[in-house]
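First the structure, in the form of structure tokens, and then the observations on it.
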Amino acid sequence: MCSFKKFEYVEMYSSAICNLNCSYCYIPKVSELKDVNKRIVEDICNGTYIERIKTIAPDLKGLAFWGAEPTITLPEIIEHLDEFLIAFPKLDHFSFSTNLIKDPTVIYEFLKALPDDRKFSAGFQISIDGHKPITDANRGEGTTKKISDNIRLLAFMMNDLKDKNVSVRFPTKITWTMDNVRFFYENLEELDESYNFFSKMQDDLDRINTNKNVKYLINC
């Protein structure tokens, strides 16, 4: 007889809509996804979401939120965070990937809401593809500045969480299209510009950061 494997780390679909329309995104921005997102929110609020996790991970230790843009439904997760932690007493790690277009306060509020009587870790990946000719081309005009401003703003916020029993890593992730590769091939000096963009971001965050439990990993 085949037994069903129980997992300790799971990734759950938590958002069906996005606040961007990136050129390389494979998810169609159709209206039906708004209905899907509404059902996800309903499941989070009525407990179905937690019960679904229990069927595959009753001893859950790590939970990753996946979807078009997880920060869109993060307020509902925060509202019911106590229910997650009661249902899964071993849960101590959270992760997701974000475009960081939404006000980063929601990430701060999520971490702030974690109880102090348990030790937690978190990894929140930030998607940004490079300096303005790359990120704006992929994600829309003004997105390079918006994401750059938000990650620095978030770093200031994280300094207020020095006393929280949580360690957090913020890596970045780039995605290049063939058009991006052609752009660099035809303008080799732009590779230096992109490298310097990320390097300056890392330097700025290192200066801003006073929370020893937080690490920024800006990948050049």
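From a predicted model like this one, the values you see are computed outputs, not experimental measurements. Only heavy atoms go into these numbers, but all of them, side chains included; no hydrogens, no water, no symmetry mates.
Between the side chains of E69 and T98, at least one donor-acceptor pair of N or O atoms lies under 3.5 Å. Judged purely by distance below 3.5 Å, without hydrogens or angles, the side chains of T144 and D136 pair a donor atom with an acceptor atom. With no hydrogens or angles considered, no side-chain donor-acceptor pair links S199 and N196 at under 3.5 Å. For D129 and N138, the side-chain atoms include at least one donor-acceptor pair closer than 3.5 Å. Under the 3.5 Å distance criterion, with hydrogens and angles disregarded, no donor-acceptor pair is assigned to the side chains of S97 and K173. When only modelled atom types and interatomic distance are considered, T177 and D179 share no side-chain donor-acceptor pair under 3.5 Å.
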For this session: Go through the steps for T73 and S15 under the test side chain to side chain contact (heavy atoms under 4.5 Å, CB included), then give the verdict.
Result: CA-CA 6 Å; T73 55; S15 66; 4.0 Å; yes
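Relative orientation of the Y216 and F170 rings is parallel, given thresholds of 30° and 60° on the angle between their planes.
R118 contributes a side-chain N or O that, together with a main-chain N or O of P89, makes up a donor-acceptor pair within less than 3.5 Å. A donor-acceptor distance shorter than 3.5 angstrom exists from the side chain of K6 to the backbone of T55, with no hydrogens or angles considered. Listed for the N211 side chain is no donor-acceptor partner under 3.5 Å among the backbone atoms of N159. A donor-acceptor distance shorter than 3.5 angstrom exists from the side chain of T135 to the backbone of G130, with no hydrogens or angles considered.
At a threshold of 4.5 Å between non-hydrogen side-chain atoms, the residues I128 and F198 count as touching. Using a 4.5 Å heavy-atom cutoff, the side chains of F184 and S194 are in contact. Between E83 and I50 the shortest side-chain heavy-atom distance falls below 4.5 Å. Inter-residue side-chain proximity for F183 and P133 is flagged as met; some heavy-atom pair is nearer than 4.5 Å. Side-chain contact check for R207 versus D203: some heavy-atom pair is nearer than 4.5 Å. Using a 4.5 Å cut-off on side-chain heavy atoms (C-beta onward), N213 and K164 make no contact.
Scored by the salt bridge (charged side-chain N to carboxylate O under 4.0 Å, His left out) test, R52 finds D43 as partners (sequence neighbours excluded). The salt bridge (charged side-chain N to carboxylate O under 4.0 Å, His left out) search around K200 returns D204, not counting sequence neighbours. Annotation: salt bridge (charged side-chain N to carboxylate O under 4.0 Å, His left out) contacts of D82 (sequence neighbours excluded): none. Take E8 and apply the salt bridge (charged side-chain N to carboxylate O under 4.0 Å, His left out) test, not counting sequence neighbours, and it matches K61.
Taking a 6.0 Å sphere around NZ of K132, one finds it holds 12 or fewer heavy atoms contributed by other residues, nucleotides or ligands.
V30 and I72 fall within the same hydrophobic cluster, defined by Ile, Leu, Val, Met, Phe, Trp and Tyr side-chain heavy atoms under 4.5 Å apart, directly or through other members. Put simply, I101 and Y24 are part of two different groups of oily side chains (I, L, V, M, F, W, Y) that touch within less than 4.5 Å, one to the next.
Atom-to-atom distance recorded for M201:CE and I126:CD1 is 8.0 Å, nearest 0.5 angstrom.
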Report, one line per pair, each donor and acceptor closer than 3.5 Å where one atom sits in a side chain of residues 108-115; sequence neighbours left out.
none

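When hydrophobic side chains of Ile, Leu, Val, Met, Phe, Trp and Tyr are connected at separations under 4.5 Å, F156 ends up clustered with I208.
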